[in-house]
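Heads up: the structure comes next, in structure tokens.
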Amino acid sequence: MPELPEVETVVRGLRAVLPGRRILTVRLGKVDFIEDPAALERDLPGSRINSVRRHGKFIVAELEASTGSQVSFALLIHLGMTGQIVVGPSEAPVAPHTHVFFALDDGREFRYTDIRRFGKMRILSAGTQEAALGKLGLDPLEATQAEFVAQLRGRRARIKALLLDQRVLRGMGNIYTDESLWRARIHPMRLGANLRDTELRRLHRAVRQVLEEAIRMRGSSVSDYVDSEGQRGSFQQRHRVYQRKGKKCFRGDGLIQRAIVAGRSSYFCPRCQPAPRSRRRISP
DNA sequence: CTTACGGCCTGGGTGC
DNA sequence: TGCACCCAGGCCGTAA
């Protein structure tokens, strides 16, 4: 499942091959995950890719319309759960569930494959970019400790839900949320408002460490994630809690538990990550 | 306004 | 062999 480190790895790969390239033709398969397929077919052919960047879990390719016109727009891609982008020779065999093909001016082809089609693709004109991306919260790697703490302090939702909320922090998903909470020794059901500042600072450090290490290891390949060169990541070898239910905690004798928190399966060590005092429903 | 929750989309994996 | 069921991330509607 592509989260921040996987998307960052894909973006770095694309950045090595796409800037300067021109899109010659567009071919589409199933289009139900594309906001406006006709816009892709209309605007992309002849356009030039100026840059590629990551915004949370989104990939943003900045484009310039065909020769001379100077009109700039962007292609926004979200990989969802199973989205993959590969840039390679146009004669390479086509993977199943490949629904987008861009022929590039160096003879290669940009392909988007997405088994479940939970991904999203849309064209952003200059005016709509802020509306599409402005709602997102802090980048967890760019946020200072003070900004991070300020964003979570006083919030009454569970810390797991807050970390997953893209309006609070952009880019965290289920894996890195659980791994960060384990490192910070914070139970996923704790409420933001009940965390001490020292705990929030510890969490900030844990989030940064986990994400940075995961990026160095080119992400986690749990099921089918591969980067733009078709390479798997290796951070799954460093997972301490994710999908380790019943196994021994790396820090002691605790056994990793699984529970649904914020509607997501969550893994944690009940010994290192003490549960909040369960003051349940007080309804009459 | 904030939070919680259920449902929806899709299809591979699992278990019976 | 078949098939019901689970699950994933984001989003939306609804309720408290």
Side-chain angles (χ1 to χ4, degrees), chain A residues 1-8 10 29-35 37 54-60 76-85 95-100 112-122 124 131-137 140 150-180 187-195 211 214 219-226 232-233 235-236 239 241-246 257-267 276 278-284:
Chain A
M1 293 123 254
E3 304 178 23
L4 188 152
E6 291 76 28
V7 178
E8 179 66 25
V10 168
K30 290 190 182 176
V31 295
D32 55 359
F33 64 99
I34 303 175
E35 185 192 53
R54 177 185 63 76
H55 194 85
K57 298 183 203 174
F58 288 93
I59 297 167
V60 187
L76 189 64
I77 302 172
H78 194 292
L79 299 174
M81 289 183 59
T82 53
Q84 297 179 357
I85 294 171
H97 306 289
T98 302
H99 299 298
V100 176
Y112 179 75
T113 304
D114 192 344
I115 297 173
R116 309 256 155 97
R117 302 200 305 286
F118 282 13
K120 289 277 176 286
M121 210 176 274
R122 62 186 291 205
L124 294 180
L133 299 175
K135 303 187 282 280
L136 297 179
Q151 198 59 223
L152 298 170
R153 181 164 39 198
R155 299 289 300 264
R156 288 178 312 167
R158 295 180 173 122
I159 188 64
K160 166 105 183 185
L162 292 169
L163 293 178
L164 285 174
D165 189 336
Q166 302 299 299
R167 295 165 301 185
V168 176
L169 290 173
R170 55 180 201 253
M172 302 283 290
N174 209 32
I175 295 176
Y176 296 102
T177 295
D178 282 2
E179 293 296 321
S180 299
H187 193 285
M189 287 177 99
R190 301 271 306 277
L191 304 188
N194 291 348
L195 293 171
L211 294 177
S220 303
S221 288
V222 171
S223 48
D224 43 20
Y225 161 76
V226 292
R232 288 169 58 84
F235 191 71
Q236 67 279 6
H239 290 175
V241 284
Y242 185 73
Q243 288 191 347
R244 293 194 66 249
K245 179 186 175 182
Q257 275 187 15
R258 174 183 183 271
I260 301 298
V261 183
R264 293 278 170 261
S265 52
S266 305
Y267 300 87
S278 61
R279 111 225 127 290
R280 282 281 69 102
R281 316 265 164 265
I282 316 170
S283 46

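Labels below follow one simple rule: chain letters A, B, ... track the order of the sequence lines, proteins then strands, and each chain is numbered from 1.
- As a whole-Å value, the separation of Asp165(A) CG from dC12(C) P is 13 Å.
- One can place CD1 of Ile34(A) at 19 Å from P of dC9(B), the figure rounded to the nearest angstrom.
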Return the polar atom pairs (N/O with N/O) between nucleotides 6-10 of chain C and the protein under 3.5 Å, or none.
residue: dC7(C); atom: OP1; partner: Arg258(A); partner atom: NH2; Å: 3.3
residue: dA8(C); atom: OP1; partner: Ser265(A); partner atom: OG; Å: 2.1
residue: dG9(C); atom: OP2; partner: Arg264(A); partner atom: NE; Å: 3.0
residue: dG9(C); atom: O3'; partner: Lys57(A); partner atom: NZ; Å: 3.3
residue: dG9(C); atom: N7; partner: Arg264(A); partner atom: NH2; Å: 2.9
residue: dG10(C); atom: OP1; partner: Lys57(A); partner atom: NZ; Å: 2.7
residue: dG10(C); atom: OP1; partner: His78(A); partner atom: NE2; Å: 3.4
residue: dG10(C); atom: OP2; partner: Lys57(A); partner atom: NZ; Å: 2.8
residue: dG10(C); atom: N7; partner: Arg264(A); partner atom: NH2; Å: 3.2

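- Ring pair His99(A)/Phe33(A) is tilted by interplanar angle, where 30° to 60° counts as tilted.
- With dA4(B), dT3(B), dT10(B) as the choices, the nucleotide that has an atom nearest any side-chain atom of Arg155(A) turns out to be dT3(B).
- For the pair Arg156(A) CZ and dC1(B) P, the interatomic distance rounds to 15 Å; values are reported in whole Å.
- Once rounded to the nearest 0.5 Å, the distance linking CG of Asn174(A) with OH of Tyr267(A) reads 8.0 Å.
- Atom NZ of Lys160(A) is separated from atom C1' of dA4(B) by 16 Å (rounded to the nearest Å).
- Under 4.0 angstrom from either OP1 or OP2 of dT3(B) there lies no side-chain N or O belonging to Arg158(A).
- Rounded to an integer number of Å, the gap from CG of Leu79(A) to C1' of dT10(B) is 16 Å.
- Inter-residue side-chain proximity for Glu35(A) and Leu76(A) is flagged as unmet; no heavy-atom pair is nearer than 4.5 Å.
- Between Arg167(A) and Asp165(A) there is a salt bridge, since a side-chain N of the basic residue sits under 4.0 Å from a carboxylate O of the acidic one.
- Between the P atom of dG11(B) and the CG atom of Asp114(A) lies a distance of 10 Å, rounded to the nearest Å.
- Taking CZ of Arg158(A) as the reference point, atom CG of Leu164(A) lies at 12.5 Å (rounded to 0.5 Å).
- Atom CE of Met121(A) is separated from atom CG of Leu79(A) by 8.5 Å, given to the nearest 0.5 angstrom.
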